[in-house]
Participant: 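I'd like to ask you about the structure that follows.
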Amino acid sequence: MKREPSFYNPAASNGIGLIEVVYWALPVAAYFVFPDNLSFGAQILIMSLYAMSLGLILGFAGIVTLGHAAFFGIGAYSTALISLAGYHEPITATLAGGLLAAVLACAVGPIVLRLSGLSLMMMTLAIGAVLFEVANKFSWLTGGENGLSGIEFDPILGTFRWSVFGQTSYVYCLAWLFVMFLLFRSLVGSPFGLALQGVRENALRMRLVGAPVSRHLIKVYALSAFMAGVAGGLSAQVTGFVGLDVLAIDLSINGIIMLVLGGVGSIYGGPVGAAVYMILKDFAANWDPYNWMAVIGLFLIFVVLFGKNGLIGLGQRALPNSLIVSLPRSEKVESRRQPT
């Protein structure tokens with residue numbers, strides 16, 4: 001039996017850790033401390049949601065993908081096209097983008113998720129590449145290399161108007177991130193979430209005990225796609241532009257980097273890794289526009305070598321449990337791979 005601090009795996013906890021409270025207090029404080037950088041802050045929140053969606057399937061279900069940007073892109077293009085078609089309600093448009101991404105996941109999931117390992121990675125990479133080329137060739141619909149611009153939405157809830165300074169965008173994205181996080185948190189702590197972790201550790205054994213492995217994987221794949229689609233929709237609304245970069249392989253790889261930086265298998269791994277990656281990238285690019293990737297690479301090497309599980313693992317080893325946990329926690333049985 002192993003107890004895990006609630007901040008790093010709150011799904012195994014009945015309470016809320018002190019650092020967990022601090023984590024959510026930081027973006028609220030940033031709204032007041034950095035009023036001139038809220039547009040950039042909104043981008044960080046969007047990437048946090050995107051990385052969190054990837055963490056759901058990679059960290060908790062063991063689905064390794066190189067095409068997760070496909071769902072982000074579908075959400076972005078769908079939301080943009082909805083706006084250009086004349087519908088300007090932002091919340092339902094974002095939900096529509098997420099739902100269309102989930103529909104795509106349900107369509108390809110039964111085929112893709114039959115594979116594993118390198119075959120799975122190549123298949124997801126191929127799907128992402130096909131969608132990228134489709135978006136590029138169907139310029140009459142997607143704008144091709146020029147992208148879609150002129151994307152406008154009504155004030156949120158009919159009250160909060162969009163601003164070039166990013167105040168509304170920042171709060172809007174933070175609200176979406178928090179709602180999606182609550183969904184994520186409750187999901188991984190549920191019996192369904194525990195079953196997913198069992199599939200990740202030993203899918204054959206889960207089949208032998210009667211678990212519907214394929215159905216579980218398709219469900220979590222669709223849920224992850226929905227979250228990524230919501231992130232894409234938010235990106236379209238915040239920037240007012242959608243280009244081919246939302247479907248690029250670079251975005252899929254960046255998502256994996258963010259997740260590794262934060263910590264795979266932790267519900268905070270994606271958001272923490274995304275925030276650190278975006279801030280470090282901005283700092284490094286301003287410092288040296290030509291060699292900023294070297295800074296990211298060196299930092300990633302440091303985290304992988306010295307962090308048992310990314311930055312979350314480093315923090316877990318550095319901070320005492322008395323600061324991490326404030327309320328009683330349940331116990332969790334840690335499963336291990338067994339030879340079959």
Side-chain angles (χ1 to χ4, degrees), residues 2 4-12 17 19-20 23 26 43-44 47-69 72 116-122 124-125 128 181 184 188 196-197 200-201 224 228 231 248-288 290-321 323-324 334-337:
K2 178 183 177 182
E4 298 189 13
S6 65
F7 173 69
Y8 302 102
N9 192 355
I19 300 182
E20 189 173 13
Y23 174 86
L26 285 176
Q43 292 297 322
I44 294 176
M47 286 297 102
S48 296
L49 177 54
Y50 171 68
M52 187 170 69
S53 71
L54 179 60
L56 176 60
I57 55 174
L58 180 57
F60 289 89
I63 301 174
V64 183
T65 173
L66 289 176
H68 203 59
F72 184 94
S116 61
L118 184 60
S119 299
L120 174 60
M121 294 172 63
M122 292 300 100
T124 55
L125 177 62
F181 171 79
F184 187 9
V188 300
L196 287 176
Q197 295 175 58
R200 178 195 64 196
E201 296 299 325
S224 174
I249 180 63
D250 291 355
L251 183 58
S252 295
I253 294 175
N254 287 342
I256 295 176
I257 293 174
M258 294 173 190
L259 196 58
V260 172
L261 277 178
V264 180
S266 168
I267 64 175
Y268 279 97
V272 169
V276 172
Y277 175 83
M278 294 288 288
I279 294 172
L280 184 60
K281 177 182 176 181
D282 182 70
F283 171 80
N286 289 329
W287 175 60
D288 189 341
Y290 301 103
N291 300 300
W292 63 268
M293 292 185 66
V295 177
I296 299 290
L298 290 173
F299 185 71
L300 182 61
I301 291 172
F302 171 81
V303 172
V304 171
L305 288 178
F306 297 100
K308 182 180 179 181
N309 188 26
L311 294 172
I312 294 296
L314 285 174
Q316 185 175 9
R317 292 161 58 185
L319 296 173
N321 287 354
L323 290 179
I324 298 172
E334 187 180 68
S335 60
R336 293 179 174 85
R337 291 185 180 273

Participant: Give the minimum heavy-atom separation between Val188 and Gln197, together with the two atoms involved.
Facilitator: O-NE2, 3.7 Å

Participant: Output the distance between atom CD (Gln43) and atom OH (Tyr50), rounded to the nearest 0.5 Å.
Facilitator: 14.0 Å

Participant: What distance separates Phe181 CZ from Ile267 CD1, expressed to the nearest 0.5 Å?
Facilitator: 3.5 Å

Participant: Are Leu311 and Val303 side-chain neighbours, meaning at least one heavy-atom pair lies under 4.5 Å?
Facilitator: yes

Participant: Between Leu66 and Met121, which heavy-atom pair has the shortest distance, and what is it?
Facilitator: CD1-CE, 3.8 Å

Participant: Answer yes or no: is there a donor N or O on one side and an acceptor on the other, between the side chain of Ser48 and the main chain of Ala274, under 3.5 Å?
Facilitator: no

Participant: Roughly how far, to the nearest 0.5 Å, is the CD1 atom of Ile256 from the CE atom of Met258?
Facilitator: 11.0 Å

Participant: Where is the tightest heavy-atom contact between Val295 and Ala284, given as atom of each residue plus distance?
Facilitator: CB-CB, 3.9 Å

Participant: Which residues pass the side-chain hydrogen bond (donor to acceptor under 3.5 Å, both in side chains) test with Asn309, sequence neighbours left out?
Facilitator: none

Participant: Does any non-hydrogen side-chain atom of Leu58 lie less than 4.5 Å from one of Ile63?
Facilitator: no

Participant: Calculate, to the nearest 0.5 Å, the distance between atoms CD1 and CG belonging to Ile296 and Leu261 respectively.
Facilitator: 7.5 Å

Participant: Determine yes or no for a side-chain-to-main-chain donor-acceptor pair under 3.5 angstrom, with Tyr23 supplying the side chain and Tyr268 the backbone.
Facilitator: no

Participant: Are Val276 and Phe299 close enough, and set up right, to give a side chain to side chain contact (heavy atoms under 4.5 Å, CB included), and what steps lead you there?
Facilitator: CA-CA 10 Å; Val276 172; Phe299 185 71; 3.7 Å; yes

Participant: Parallel, tilted or perpendicular, judged at 30° and 60°: which one describes the rings of Phe306 and Phe302?
Facilitator: tilted

Participant: Looking at every heavy atom in both Ile57 and Ser224, which two are closest together, and how far apart are they?
Facilitator: CG2-CB, 3.3 Å

Participant: Between atom CG of Asn254 and atom CG of Leu259, what is the distance when rounded to the nearest 0.5 Å?
Facilitator: 12.5 Å

Participant: So how far is it from Leu251 CG to Leu54 CG, rounded to the nearest 0.5 Å?
Facilitator: 10.0 Å

Participant: Is the number of heavy atoms from other residues, nucleotides or ligands under 6.0 Å of Met293 CE greater than 12?
Facilitator: no

Participant: Might you point out which heavy atoms bring Leu300 and Val260 nearest each other, and give the distance in Å?
Facilitator: CD1-CG1, 4.0 Å

Participant: Which atom names give the shortest non-hydrogen contact between Ala228 and His68, and what distance separates them?
Facilitator: CB-NE2, 3.7 Å

Participant: Quick one: does any side-chain atom of Asn286 pair with a main-chain N or O of Asp282 as donor and acceptor, under 3.5 Å?
Facilitator: yes

